[in-house]
Amino acid sequence: MRRLICAAPALLSILVSHVAALPAHAREATVITRRDDILDEYDFIVVGAGTAGLTVADRLSESGDYTVLVIEYGYLDMSHSIEATVRPDIDSGPSDEFPRATRFYNLTAVPQPGLGYSTPPLMAGAVVGGSSAVNGMFFMRGSAEDYDSWVWAAGEEHEEAFAEEWGWDNILPYFKKSVTFTPPTEEMVREYNITYDVEAAYGGTTPIHSSYRPFHWPATVAMWNAFKRIPGFRFPKEGAAGDQTGVIWAPNSRDPATERRSFSRPGHYTQEDGPASRDNFHLLTGHRVTQLILSPAPTPDSDNWSADGMRYTPRDGDMPESAWEVRAKREVIIAAGAAHTPQVLQRSGIGPRQVLEAAGAEVKVELPGVGENFQDHMNFAISYISKSFSPNSTTLSRDPEYAAQALDLWETNKTGPYTTFVNSAVFLPLPHFTNRTEEIVGKLLAQDPAEYLHEGVDETVIAGYVEQKKTLARQFRSEGSTLLEVPFSGGSSFSIVLCKSISRGTIHLSPDDDGVDPSGRGNVEPLVDYRAFSNPLDLDLVVELLRGTRQFMSADAMVETFGPVETSPGAHITSDEDLKAWIASRISPSTGHPVGTASLAPRELGGVVGPDLRVYGTRKLSVADNSIMPLVPSTHTSSTAYAIGEKVSFP
Ligand SMILES: Cc1cc2nc3c(=O)[nH]c(=O)nc-3n(C[C@H](O)[C@H](O)[C@H](O)COP(=O)(O)OP(=O)(O)OC[C@H]3O[C@@H](n4cnc5c(N)ncnc54)[C@H](O)[C@@H]3O)c2cc1C
Ligand SMILES: *[C@@H]1O[C@H](CO)[C@@H](O)[C@H](O)[C@H]1NC(C)=O
Ligand SMILES: *[C@@H]1O[C@H](CO)[C@@H](O)[C@H](O)[C@H]1NC(C)=O
Ligand SMILES: *[C@@H]1O[C@H](CO)[C@@H](O)[C@H](O)[C@H]1NC(C)=O
Ligand SMILES: *[C@@H]1O[C@H](CO)[C@@H](O)[C@H](O)[C@H]1NC(C)=O
Ligand SMILES: *[C@@H]1O[C@H](CO)[C@@H](O)[C@H](O)[C@H]1NC(C)=O
Ligand SMILES: *[C@@H]1O[C@H](CO)[C@@H](O)[C@H](O)[C@H]1NC(C)=O
C-alpha cells in the first residue's frame, strides 16, 4: 500500500515541483527541504539519516506498506569530494556544493584534566549519510567476544534474555546481510597473499560495498612477511568471521567498480529502487529534531510515556515562532549517533534527573543511563626511521615519471599506486604482549565500584559498571579479545589504538541548552566529557600497548627487514612514569568511534534500551545507532552501525 499517493495527491505535485529545483544529480530524490511538504503524520519517523538511520529507514519503507519520514540536520550534499577517495579523482573533481565544515558538528570536549586540560574535538558527520560519509573507510568487524561481551555485561540474572537477541551468533546474519563483499582478484591474492572466506563472513547483496584496494606498497608486503616470521603471531584467514586476533587483512567501505566511497547515502537511499524512488518515503534535510512529543499513555503502567512525534527546527533561514511538529503513528526511532541521541532524549525529559534539572528540562522518565557510559578509542603514534623500500608514497609525490605512470594506470584501469589505502592491521590480546595482565586485572577488580565515575552518578549506572569491569577482566585475560590495534600500510609511523578503555565519559545536556525552548533553533551542543584517564588503569594499559608495539618492532624478523630506529618517543624513554607522561601529552581520546550513551543493558544496570532496542519507560520509542553498544568493540565502528540498523525490526 502506498499511503502517500492515496492520502495526498496534491502533495506529490508540490514535491515534484520542488524536486525540479534541486541540482540535476539529486533530482530523482524525494528529498524535502521545506517543512510545508511534510505530512502531519507518518507510520515511522527516524531521527538522523546517518549510517544506522538510513539503514533502518530503507528496510522500514521497503515493503511500501508504511510511510516513513527521516529528519536529518545535514544537507543532501552530493559533492564529488565525499565519494572520491583517490587523489587524482579528488583533484580533478568539481568544487564542493557545500563548504566541508558543514559536514561536521562543532563538538569540543570540556577541559580534560587527564590530558593537560586540553579540549579535544569529537568528530561526527552532519550530512546525509552521517559519519559514514566522512569516515576513514576502514571496514572490519570485531571478534566474536566483542559482541558476546554485550551479553556478559547484562549480568547473570539477565544474560539469558539478552543472549536471545544479541551476541555474535545473533548479529552475524545482519553483518552478512549488511554488505556486498567483492573478493580480491586472483592477481591481488597472488601479489599480496590476501586471505578471505566469503562463506564464513559474507554473502549479502546490500549495496554497501566491502573490498580490498588493488595496490599495496612493497613495504606493506615486507611487513606482512616479517610478521609471519615472528613466533606466536597468528594470521586468521578471515577477520570478519569473528576471529579478529592477529595480523589481518581489513577491507574498505569502497565500491570496487567505481573506486569511490561506499556509504549509507548511495547504499540505503539513492540506490536503484531505494528509498529515494519510493512514494512512501520522505527525507527532510537541513532540519534538527529538538525534542520528542511524549504523552502519558492511556493505560498507565511502567511504560507510560508514549512517543507521539517530535518538534523540529530549520538549520538555516528565519526561525519560526515556535518549533514545528510531526506525528508518528507506530514508532519513533532515534538514530542521531552517540553524541546526539542522548541529547534528543535528555531534551525530551528522558535521562538522569540531575542533568535534566540543571538544564531546566522537565523530568518525564528518570533514566540515569542516558548520556553515561560514553566510550571511544584513544590513539597515539609511535615513529621510526627504517630501511627504505621503494616505490613508496614519497616516490609518488616526488618522482614525476613514476607519478605519470601511476596516473595513467588510474585513468585507464582504476588501478595502480594511487588506489592504495590501509588494508592491514595487527590486533593483539593483552596477554600476548605483557606479563602484567593478572596485575592489571587484579587492580581492576579491586577498585571500589563507584571509584573513578563522576560525582552524583546513579546507583544503577555504578551497578552496570561493576558488570562491565567483570566483563573487561574476562576479555583482558582472553586470547579471543584484543586490546591493541596497530594499522599498517608500510609507513614508519604507526597509530596505536587502545581498543577498550576502562574510563567512562559522559554526554550531558548543556545547562545553556535552549533546545527545550520551543522557539530556539536547538543549536547548543551537548557537553562532551571523555573523562580521559579518569580511571588511572587506562594509563597502565597505554604504556603496555606502547611496549607491546616496541616488542614486535624489535623482533628479529622486523630488525632484519626494517632495521627500525624509534624516533618518537625514542628508545631512551622507558620508565612507567615517563611513558605515561609522554603518552598523556599527545594521545587523542577519540578515533571518531563514540558509543555507549544509550546502552543496551538491563534498566537496573544503567541500561537505556532493552534487547528489543526500545527505550525503558516509554512506548513507541527505540534507539538504533552506535549509542546502544554497552562496550566498544575492538574494531572500527561503522560496520556494526549497519548491522544494528539491519537488526532492528518492528512486529
Ligand atoms: C572522522 C571519522 C573517521 C572515522 N573512521 C572510521 C573508519 O575508518 N572505519 C569505521 O568503521 N568507522 C569510522 N568512523 C566511525 C563510524 O563512521 C561511526 O561509528 C558510524 O558511522 C556511526 O553511525 P551512527 O549511525 O551511530 O551515527 P551517524 O552515522 O553519525 O549518524 C547520525 C546522524 O544523525 C544526524 N543527527 C544528529 N542529531 C540530529 C538531530 N537532532 N536531528 C536530526 N538529525 C540529527 C547527524 O547529522 C547524522 O547524520 C569514523 C568516524 C569519524 C567521525
Ligand atoms: C565552534 O564552536 C566554538 C565555541 O564552542 C566557536 O568559537 C567556533 O566559532 C565554532 N566553529 C564553527 C565552525 O562554528
Ligand atoms: C606469500 O606467502 C608465501 C608463503 O607464505 C611466501 O612465500 C610469499 O613470499 C608471500 N608473498 C608475498 C608477496 O607476501
Ligand atoms: C506512570 O506510572 C507510574 C507508576 O508505574 C505512576 O506513578 C505515574 O503517575 C504514571 N504516569 C503517568 C503519566 O501515567
Ligand atoms: C621512498 O622511495 C625513495 C625512492 O623513490 C627513496 O629514496 C626513499 O628513501 C624511500 N623512503 C622510504 C621511507 O622508504
Ligand atoms: C587492470 O585491472 C585489472 C583488474 O584489477 C588487472 O587484472 C589488470 O592487470 C590491470 N591492467 C593493468 C595494465 O594494470
Ligand atoms: C614474560 O616474561 C618472560 C620472562 O621474563 C619473558 O621471557 C616473556 O617474553 C614475557 N612475555 C611477555 C608477553 O611480555
Side-chain angles (χ1 to χ4, degrees), residues 46-56 70-75 103-105 107 121-141 217-219 232 250 252-253 263-265 284-291 310 312-313 315 334-341 343-344 347 376-377 384-399 402 422 428 430-437 487 490-492 515 522 526 544 547-548 551 562 590-595 623-629 632 635-642 644-645:
V46 179
V47 181
T51 318
L54 276 181
T55 309
V56 174
V70 182
I71 302 184
E72 166 57 47
Y73 176 70
Y75 306 119
R103 297 176 198 160
F104 291 92
Y105 287 95
L107 283 167
L122 172 60
M123 305 285 275
V127 61
V128 172
S131 298
S132 71
V134 298
N135 74 14
M137 293 176 278
F138 228 22
F139 205 39
M140 67 263 253
R141 302 170 189 166
W217 296 114
N252 295 141
S253 39
F263 63 114
S264 70
R265 190 195 73 212
L284 176 67
T285 60
H287 287 73
R288 189 196 295 265
V289 171
T290 54
Q291 238 186 327
M310 59 196 65
Y312 61 97
T313 57
R315 179 168 175 172
I334 309 188
H340 293 101
T341 286
Q343 186 189 35
V344 171
R347 280 174 171 172
D376 200 321
H377 287 136
Y384 294 89
I385 298 176
S386 60
K387 198 185 136 219
S388 70
F389 281 79
S390 42
N392 54 55
S393 56
T394 312
T395 320
L396 197 53
S397 57
R398 301 243 176 98
D399 180 340
Y402 185 76
V422 188
L428 297 178
L430 192 57
H432 186 101
F433 56 88
T434 179
N435 282 330
R436 293 183 58 207
T437 302
S492 49
E544 292 314 307
R547 290 186 175 138
Q551 225 173 70
F562 291 97
S590 174
T591 307
H593 299 170
V595 308
V623 175
D625 64 21
N626 283 356
S627 4
I628 69 137
M629 300 185 190
V632 70
T635 189
H636 299 247
T637 42
S638 67
S639 60
T640 310
Y642 288 116
I644 290 168

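One-based numbering, in listed order, for ligands and for the atoms of each.
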Considering distance alone, does some N or O of Pro391 sit under 3.5 Å from an N or O of ligand 5?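 There is no such contact.
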
Is there a polar contact, in the sense of an N or O pair closer than 3.5 Å, between Thr395 and ligand 5?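 Between Thr395 and ligand 5, an N or O pair is found under 3.5 Å apart.
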
[X] (side chain) donor-acceptor with [Y] (main chain) under 3.5 angstrom:
{"X": "Arg347", "Y": "Gln291", "value": "no"}
{"X": "Ser590", "Y": "Gly592", "value": "yes"}
{"X": "Thr341", "Y": "Ala336", "value": "yes"}
{"X": "Thr434", "Y": "Arg436", "value": "yes"}

Regarding [atom]: of the candidates [options], which has the closest heavy atom?
{"atom": "atom 52 (C) of ligand 1", "options": "Ala339, Gly592, Ala624", "answer": "Gly592"}
{"atom": "atom 33 (C) of ligand 1", "options": "Gly53, Ala335, Pro526", "answer": "Ala335"}
{"atom": "atom 4 (C) of ligand 5", "options": "Ser390, Ser397, Ser393", "answer": "Ser390"}
{"atom": "atom 30 (O) of ligand 1", "options": "Ser131, Gly48, Gly130", "answer": "Ser131"}
{"atom": "atom 2 (C) of ligand 1", "options": "Val46, Asn135, Ile628", "answer": "Asn135"}
{"atom": "atom 7 (C) of ligand 1", "options": "Ser132, Pro121, Gly136", "answer": "Gly136"}
{"atom": "atom 3 (C) of ligand 5", "options": "Asn392, Ile385, Thr394", "answer": "Asn392"}

What is the closest protein heavy atom to [atom], and at what distance does it sit?
{"atom": "atom 31 (O) of ligand 1", "result": "Gly50 CA, 3.3 Å"}
{"atom": "atom 27 (O) of ligand 1", "result": "Gly337 CA, 3.5 Å"}
{"atom": "atom 29 (O) of ligand 1", "result": "Thr51 OG1, 2.6 Å"}
{"atom": "atom 19 (O) of ligand 1", "result": "Thr637 OG1, 2.7 Å"}
{"atom": "atom 22 (C) of ligand 1", "result": "Asn626 ND2, 3.5 Å"}
{"atom": "atom 46 (C) of ligand 1", "result": "Tyr105 OH, 3.1 Å"}

We want to know whether Ser132 and Asn135 form a side-chain donor-acceptor pair, criterion being a heavy-atom distance below 3.5 angstrom.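 No, no side-chain donor-acceptor pair sits under 3.5 Å.
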
When you compare ligand 1 with [X], is there at least one nitrogen or oxygen pair between them that comes in under 3.5 angstrom?
{"X": "Glu72", "answer": "yes"}
{"X": "Phe138", "answer": "yes"}
{"X": "Tyr73", "answer": "yes"}
{"X": "Ser638", "answer": "yes"}
{"X": "Ala641", "answer": "no"}
{"X": "Val289", "answer": "yes"}
{"X": "Ala52", "answer": "yes"}

Think Arg547 forms a cation-pi with Phe433, using NZ or CZ under 6.0 Å from the six-ring centre and within 45 degrees of its axis?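 Pair Arg547/Phe433 does not count as cation-pi.
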
With a cut-off of 4.0 Å, which atoms of ligand 7 are near a heavy atom of Gln551?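 Listed by number with element, the hits are 14 (O).
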
What is the minimum heavy-atom distance between Pro526 and Ala339, and which atoms define it?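 Scanning both residues completely, I find the closest heavy atoms to be CG-O, 3.7 Å.
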
Heavy-atom closest pair, residues Ser264 and Gly129: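 Nearest pair, atom of Ser264 first, then Gly129: OG-CA, 3.3 Å.
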
Check Ile334, Val289, Leu107 against His340 for a side-chain contact (heavy atoms from CB on, under 4.5 Å) and give me the one that passes.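 Of the listed residues Ile334, Val289, Leu107, the side-chain contact (heavy atoms from CB on, under 4.5 Å) partner of His340 is Leu107.
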
Pick one of side chain, backbone, both or neither for how [X] approaches ligand 1, counting any non-hydrogen atom pair under 4.0 Å.
{"X": "Met137", "answer": "backbone"}
{"X": "Val127", "answer": "backbone"}
{"X": "Met123", "answer": "both"}
{"X": "His287", "answer": "backbone"}
{"X": "Ile71", "answer": "backbone"}

Could you tell me which atoms of ligand 1, counted from 1 in the order shown, lie closer than 4.0 angstrom to a heavy atom of His593?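 Contacts of ligand 1 toward His593, numbered from 1: 6 (C), 12 (N), 13 (C), 14 (N), 15 (C).
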
Which of the numbered atoms in ligand 1 are under 4.0 angstrom from any heavy atom belonging to Ala126?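 Those of ligand 1 that fall under 4.0 Å from Ala126 are 47 (O).
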
Using 30° and 60° as the class boundaries, would you call the ring planes of Phe389 and Phe562 parallel, tilted or perpendicular?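 Ring orientation, 0 to 90° scale: tilted.
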
With a cutoff of 4.0 Å, is Ala338 in contact with ligand 1, counting heavy atoms of the residue only?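 Ala338: no contact with ligand 1 (<4.0 Å).
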
Protein heavy atom under 4.0 angstrom of atom 9 (O) of ligand 7, is there one?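 Under 4.0 Å from atom 9 (O) of ligand 7, zero protein heavy atoms found.
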
Does only the side chain of His432 get under 4.0 Å from ligand 7, or the backbone, or both, or neither? Count heavy atoms.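 Contact part for His432 vs ligand 7: backbone (N, CA, C, O).
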
Would you call Arg288 and Arg315 a side-chain contact if the rule is heavy atoms closer than 4.5 Å?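 A side-chain contact under 4.5 Å is absent here.
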
